[in-house]
Amino acid sequence: MAAVLGLSAHFHDAAAALVVDGEIVAAIQEERLSRIKHDASLPVRAARACLAQAGIDARALDAVVFYENPFGKLERVLLSLVRAFPRGRGQFVNALASQLGSKIWIVDEIAERIGVGRNKVHLGDHHTSHAASAYYTSPYAHAAVLTVDGVGERTTTALWHGRESALSLVESIDYPHSLGLFYAAFTAWLGFAVNEGEYKVMGLAAFGAPRHDTEVARTLRLDADGSFTLDLDYFAHTHDAELGFSPALERLFGARRDPRRPWDPTGEDRKYADVAASVQRRLEEALLGLARRARARTGEDALCLAGGVALNAVANARIAAEAGFARVYVQPAAGDAGGALGAALMHARSLGDPRCAPLRDCALGLVADGGEALALAASLGYDARRIDDVAGVAADALVRGDVVAWVQGRFEWGPRALGQRSLLALPAEAATRERLNRLVKEREPFRPFAPATLESHAARWFEHTPNDRTPFMTTVERARKEAVERFPAAVHVDGTARLQTVAEDGALAPLLHALEQRDVAPVVVNTSLNAAAEPIVAGAIDALALFARRPIDLLLVEDVEIRRRS
């Protein structure tokens with residue numbers, strides 16, 4: 001039995017995850033504590049918080065595992081720049097400085113800053129960490145596993161076979177051919193920030209029609225065996241780390257969109273929405289090819305997905321519907337943050353620890369301090385008091401049309417709010433979506449919101465639910481006619497919803513039952529408790545800071561009710 005700390009850092013979404021005796025004790029992204037969106041620095045705060053949650057000192061750790069091997073990444077970066085010379089000469093110095101900086105000395109940095117002996121620090125493998133994060137947390141004894149992202153050391157896409165406690169590599173596709181970098185290039189061309197705006201491309205695609213399929217197919221070739229290749233003439237990631245696309249892409253599709261201009265996807269920006277629709281469809285077809293190959297190569301009925309591309313909920317829905325698998329699971333922190341958990345789980349297995357229990361929820365962070373919230377709210381002049389019936393108070397507020405900030409229990413692992421740090425409203429009015437997007441979240445008008453409902457009610461309103469993905473919002477499902485009519489704020493323009501199904505012991509279950517008792521359908525809009533360009537709220541201070549700046553009607557921090565004075 002062992003205590004293993006996994007870490008990811010130095011690209012984006014740094015995180016720490018602690019596994020003790022094979023079980024997941026805590027998993028935390030550094031951004032939640034540093035308050036820096038996508039914080040990539042070594043997750044010292046998150047690591048200390050994980051250790052504090054377990055009540056152990058760093059000296060008690062048996063191992064600390066970094067999720068990838070920086071030496072392998074250095075080799076790939078240098079070879080790529082040499083092959084691209086002279087086009088990549090401008091990036092060579094920057095890339096060399098980056099790779100030879102803190103990344104290459106990661107073992108010493110971890111040992112010093114975490115407080116363990118250097119002999120306890122180990123290096124993992126990027127895609128192995130992704131695969132372990134998906135397979136070992138899944139409910140499957142046997143499964144095919146696909147990991148798809150931008151790039152790890154060399155690999156961009158890999159197929160694995162999980163059998164009981166064993167996880168073996170079947171085949172892989174290497175850099176520079178990458179679905180993650182394909183999608184990232186178009187994300188940049190559409191005027192969004194890479195590693196942040198991919199969700200926006202997915203949402204925008206629903207407003208367009210795939211009128212540019214032929215042009216997009218020129219940039220990404222799909223082969224009959226499920227493999228793919230990029231036409232590198234249209235991409236620049238081999239020599240330009242900032243932009244990702246070449247002038248040839250702009251000659252094919254026109255000039256990139258000015259990110260400073262307000263969005264109008266049904267008017268002036270219709271062409272950009274149409275390109276997004278074509279790019280999204282091409283990605284889905286590529287992933288379907290990979291998934292069908294995984295089914296054929298492994299013979300398994302279950303599929304696990306991880307890597308940043310696995311956060312594309314629309315593509316996940318098509319895989320589940322069309323790839324031939326009976327069940328599909330997506331690790332909820334599928335991006336680089338999840339690599340920290342996979343690294344810890346993989347190393348724990350190598351030390352002889354048992355496989356962890358399947359992941360049932362994502363409440364793996366820290367609890368907010370209700371007493372701190374009460375004292376701080378009073379000092380700021382808000383009405384604040386302790387209450388007995390948190391769910392009832394929230395339900396009454398929602399019925400009145402209020403927007404409710406809900407801070408309950410340990411905060412979530414991953415990019416989705418799942419009932420621990422949520423912003424809630426009733427979905428019956430379409431105007432609710434505009435209010436949340438424009439006034440509270442300050443984000444683009446085409447961004448959709450997710451509905452949350454009880455598992456026992458999901459099939460009434462949404463097709464093919466519940467399933468292994470809906471507890472984590474890692475898929476979309478088609479809304480039935482009744483849901484489209486009754487919940488316009490929670491159903492996207494294409495008739496789908498990124499649904500969360502809530503178990504009877506889930507964080508939102510008491511609230512949903514309280515709505516039922518008030519003769520209101522137990523469905524809420526559930527979006528993350530944060531403003532644009534900010535991490536999701538972690539503690540009481542973060543929650544009150546957001547409450548002070550945004551038109552939120554009610555804040556509930558554990559058993560503390562906080563309102564503005566009339």
Side-chain angles (χ1 to χ4, degrees), residues 11-13 29 31 36-40 148-151 178-208 212 216 219-220 234-237 240-246 249-250 253-265 268-284 307-316 333-337 414-417 436-438 441-450 473-474 476 492-494 498 527-528 530-536:
F11 183 49
H12 60 90
D13 295 323
Q29 287 184 225
E31 67 168 24
I36 300 170
K37 186 72 170 173
H38 300 305
D39 193 343
V148 189
D149 65 3
V151 60
S178 163
L179 294 181
L181 295 176
F182 159 78
Y183 209 77
F186 280 98
T187 297
W189 180 82
L190 287 165
F192 301 125
V194 174
N195 296 322
E196 166 68 20
E198 285 80 358
Y199 295 128
K200 302 178 185 181
V201 177
M202 184 176 65
L204 177 64
F207 285 83
H212 299 277
V216 171
T219 70
L220 174 62
Y234 296 103
F235 300 93
H237 53 262
D240 184 347
E242 299 301 319
L243 200 56
F245 63 85
S246 72
L249 193 88
E250 290 191 286
F253 292 100
R256 70 179 296 195
R257 187 185 183 280
D258 184 350
R260 297 166 296 182
R261 197 177 77 237
W263 272 94
D264 179 16
E268 184 179 3
D269 290 318
R270 182 58 187 263
K271 176 187 175 181
Y272 293 101
D274 290 343
V275 173
S278 295
V279 170
Q280 174 66 28
R281 184 148 84 172
R282 194 64 173 175
L283 176 73
E284 292 169 15
V309 177
L311 290 170
N312 192 300
V314 177
N316 294 343
D336 273 16
R416 301 298 184 206
L436 290 172
N437 266 332
R438 185 168 58 88
K441 303 282 285 187
E442 290 188 328
R443 63 184 199 175
E444 296 83 2
F446 56 79
R447 301 280 296 278
F449 288 103
M473 285 192 197
T474 54
V476 299
H492 201 28
V493 66
D494 61 356
R498 195 184 68 232
T527 188
S528 56
N530 65 312
E534 294 179 359
I536 301 174

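Heads up: numbering here begins at 1 and tracks the sequence.
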Task: From Arg282 atom CZ to Leu179 atom CG, the distance as rounded to the nearest 0.5 Å - done: 10.5 Å
Task: Cationic tip of Arg443 above Phe449 ring, under 6.0 Å, 45° of axis - done: yes
What pairs of donor and acceptor atoms, side-chain ones from residues 188-196 against any protein atom, are under 3.5 angstrom apart with sequence neighbours left out?
unit_1	atom_1	unit_2	atom_2	d
Trp189	NE1	Gly254	O	2.9
Glu196	OE1	His38	NE2	2.4

Task: Spacing of Leu283 atom CG and Phe182 atom CZ [to the nearest 0.5 Å] - done: 6.5 Å
Open item on the list: I need the minimum non-hydrogen distance between Ala333 and Gly414, along with the two atoms involved.
Closed with: CB-CA, 3.7 Å
Task: Distance-minimising heavy-atom pair for Gly203 and Pro448 - done: CA-CD, 4.4 Å
- [ ] For the residue pair Leu220 and Val216, establish whether any side-chain heavy-atom pair is separated by less than 4.5 Å.
- [x] no
Open item on the list: Under the rule for side-chain hydrogen bond (donor to acceptor under 3.5 Å, both in side chains), what residues qualify as partners of Asp149, not counting sequence neighbours?
Closed with: His126, His127, His130
Open item on the list: Within the 4.5 Å heavy-atom criterion, are Val476 and Arg498 side-chain neighbours or not?
Closed with: yes
Task: Pairwise distance CE(Met202) to OH(Tyr183) - rounded to 0.5 angstrom - done: 6.5 Å
TODO: Starting at CZ of Phe186, measure out to CZ of Phe245 and round the result to the nearest 0.5 Å.
DONE: 9.5 Å
Open item on the list: Is there a side-chain contact between Phe235 and Ser178 in this structure, where contact means two heavy atoms from C-beta onward sitting under 4.5 Å apart?
Closed with: no
Open item on the list: Taking side-chain hydrogen bond (donor to acceptor under 3.5 Å, both in side chains) as the criterion, tell me which of Arg260, Arg256, Arg261 meets it with Asp258.
Closed with: Arg260
- [ ] Can you see which heavy atom on Asp269 is nearest to which on Pro262, and at what distance?
- [x] OD2-O, 3.7 Å
Task: Pi-cation contact, Trp263 with Arg447 (under 6.0 Å, within 45°) - done: no
Open item on the list: So does Ala310 get a backbone contact from the side chain of Asn316, meaning a donor-acceptor N/O pair under 3.5 Å?
Closed with: yes
Open item on the list: Looking at every heavy atom in both Pro535 and Asn530, which two are closest together, and how far apart are they?
Closed with: O-CB, 3.2 Å
- [ ] Grab the two heavy atoms, one from His212 and one from Ser278, that are nearest each other, plus how far apart they are.
- [x] N-OG, 2.9 Å
TODO: For the pair Lys271 (side chain) and Phe253 (backbone), establish whether a donor and an acceptor sit closer than 3.5 Å, ignoring hydrogens and angles.
DONE: yes
Open item on the list: What's the separation between atom NE2 in His12 and atom CD in Glu31, rounded to the nearest 0.5 Å?
Closed with: 11.0 Å
- [ ] For side chain to side chain donor-acceptor pair (under 3.5 Å), just list the numbers for Ser528 and Lys441, CA-CA rounded to whole Å, side-chain angles, deciding distance to a tenth of an Å, and then say yes or no.
- [x] CA-CA 9 Å; Ser528 56; Lys441 303 282 285 187; 2.9 Å; yes
- [ ] With the side chain counted from C-beta on, respond yes when Phe207 and Arg270 share a heavy-atom pair under 4.5 Å apart, and no when they do not.
- [x] no
Open item on the list: Go through it in stages, so that I can follow the logic: the residues are Val493 and Phe446, the test is side chain to side chain contact (heavy atoms under 4.5 Å, CB included), and I'd like the CA-CA distance, side-chain angles, deciding distance and then a yes or no.
Closed with: CA-CA 9 Å; Val493 66; Phe446 56 79; over 6 Å; no
Task: Side-chain touch Val201/Gln280, heavy atoms, less than 4.5 angstrom - done: no
Open item on the list: Show the nearest heavy-atom pair for residues Ala277 and Ala205, with the distance to one decimal.
Closed with: CB-O, 3.5 Å
Task: Exercise: do Asn312 and Glu284 side chains pair donor with acceptor under 3.5 Å - done: no
Open item on the list: With rounding to the nearest 0.5 angstrom, report the CD1 to NZ distance, Ile536 to Lys37.
Closed with: 6.0 Å
